[in-house]
Amino acid sequence: MEWSLKTGIGKTGVVLAALIAIAMCVLSFLFHPVDIAPIQYGLCLPSPDSWNFDPLWSWVVNTVLIGLIPLLTYLINKSYNFIRTTEPVFQALILVMAASSPWFTQSINTSVLLCLANVVCLGIIFGAYQAGNATQHMFTLGVVVGIGSMFQYAFLPMAMVYMLWSLFMKVLRIKETLAFIIGILCPYWITLGTGWLRLSDFHFPSITPLFNLTGDFSEFFVLLAGIALAAGIGFIITLINSIKLYAGNSMVNAMNLCISTLGGACVACIIVDYDNIMAYVVSLYLACALQIGNICALWNPKMPWLITALPAACYIGIFVCSMIF
């Protein structure tokens, strides 16, 4: 069968995206090591960005985790069909976008781990839609927030996001709310009760809003360009997709509201918490890639391959700029 401008990227496209992502990870590791931005700790334990693993193994594990993000997202979509297309658009874009910045490919880092946690939590909450008893689901989400926040306080804003998810999934009730709160507190209760941590180990993070900064932005200019591009594209496409989602299946609409909320929360956190900007970026890229994938499913564009190729080319260009500068 001959390829035409009206076909999608297909399996060939996602394999090509995977090869490009691997190449970017390898090139950034070998030829453009970067200094990690000032590390923001969790409420009581060191951030993943400060874990002193062997550099090679840390890079290998992180690269595998980047690959897990689109794989798990694909499996969740296969189960719940929140993006009703067989075109692997979002898988290809997640790979390219996540691998486009050396800050997220050098070693194990908060941004990739937080994104992976958000994907897992999406799968959990999707399975709770209109459930008569969703306490186990909400408790699990709370445990994710609790454990994550011990190592990186960027998990704390996700508590509000997950509560909104439960509202969209129609399981926000008193017992589910209590289960969620208990889940957050449980890791702290266990570690304090066993003496593994003491109250003196706890500390509050320092937060600097983006618009209050007076320092030099040049170091992160390329990264900020990638963030602005994802935020802009994501916002516009979310509005376009909402036109059809609003009149469609209520469950699909609710699941896509969860994705939109995640993207919006990441943008808000980046603006409010510039000191910890790195933590939220890959989750923002995930939300943007899912919205782009959904526009192909909802609107059936005449040249669907172009919907994937244009943003992918932009992020490959961002990678090239980061290597040069």
Side-chain angles (χ1 to χ4, degrees), residues 40 42-45 72-73 76-77 79-80 82 110 113-194 196-197 199 202-205 207 238 242 245-246 249-273 276 279-280 283-284 286-287 290:
Q40 293 294 322
L43 296 184
C44 52
L45 293 171
L72 290 178
T73 310
I76 294 169
N77 189 51
S79 297
Y80 300 105
F82 60 93
T110 298
L113 291 174
L114 178 60
C115 183
L116 196 59
N118 284 329
V119 171
V120 171
C121 289
L122 277 173
I124 292 171
I125 200 66
F126 286 175
Y129 183 72
Q130 289 187 333
N133 184 352
T135 52
Q136 290 184 351
H137 299 82
M138 294 304 295
F139 177 80
T140 304
L141 297 187
V143 169
V144 170
V145 172
I147 294 176
S149 63
M150 296 174 79
F151 292 93
Q152 234 290 351
Y153 72 79
F155 279 81
L156 285 178
M158 295 301 111
M160 293 302 299
V161 174
Y162 297 166
M163 288 296 289
L164 286 173
W165 288 1
S166 68
L167 175 64
F168 299 148
M169 293 292 109
K170 302 180 181 179
V171 294
L172 183 61
R173 297 177 288 259
I174 293 177
K175 61 181 180 180
E176 279 77 12
T177 303
L178 290 174
F180 183 65
I181 294 171
I182 292 170
I184 295 174
L185 297 177
C186 189
Y188 292 98
W189 182 268
I190 292 173
T191 52
L192 287 170
T194 56
W196 188 43
L197 290 176
L199 289 175
F202 286 77
H203 54 274
F204 292 98
I207 297 176
T238 297
S242 66
L245 285 171
Y246 180 76
N249 181 282
S250 60
M251 181 177 178
V252 173
N253 188 23
M255 289 187 289
N256 281 279
L257 273 174
C258 293
I259 295 165
S260 302
T261 304
L262 176 62
C266 290
V267 173
C269 288
I270 287 169
I271 293 172
V272 172
D273 187 19
N276 206 20
Y280 311 103
S283 293
L284 172 62
L286 169 71
L290 289 172

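No donor-acceptor distance shorter than 3.5 angstrom exists from the side chain of E176 to the backbone of M138, with no hydrogens or angles considered. Without hydrogens or angle criteria, R173 side chain to G132 main chain gives a donor-acceptor distance under 3.5 Å.
Here the OG atom belonging to S260 is positioned 12.0 Å from the CG atom belonging to L164, to the nearest 0.5 angstrom. Here the straight-line distance linking atom CG of L116 with atom OG1 of T73 works out to 8.5 Å at 0.5 Å rounding. To the nearest 0.5 Å, atoms OG (S149) and CD1 (I184) are separated by 7.5 Å.
With sequence neighbours left out, the ring-ring contact (aromatic ring centres under 6.0 Å, His included) criterion links Y280 to no other residue. With sequence neighbours excluded, the residues satisfying ring-ring contact (aromatic ring centres under 6.0 Å, His included) with F82 are F126. Qualifying ring-ring contact (aromatic ring centres under 6.0 Å, His included) partners for Y246, counting only residues two or more places apart in sequence or in other chains: none. Legend: residues meeting ring-ring contact (aromatic ring centres under 6.0 Å, His included) with Y188, ordered by chain and number and at least two apart, are F202.
Note on residues 164-187: pairs passing ring pair (Phe, Tyr, Trp, His ring centres under 6.0 Å), not counting sequence neighbours, are Y162-W165. For residues 177-186, the set of pairs meeting the side-chain hydrogen bond (donor to acceptor under 3.5 Å, both in side chains) definition, not counting sequence neighbours, is empty.
The two residues A131 and A134 come nearest to each other via the heavy atoms CB-CB, 4.4 Å. The two residues N276 and A154 have their closest heavy-atom pair at ND2-CB, 3.7 Å. The shortest heavy-atom contact between V171 and A128 is CG1-O, 3.0 Å.
At a threshold of 4.5 Å between non-hydrogen side-chain atoms, the residues L114 and M158 count as touching.
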Q | Stepwise side-chain contact (heavy atoms from CB on, under 4.5 Å) test for N256 and V252 | A | CA-CA 6 Å; N256 281 279; V252 173; 3.5 Å; yes
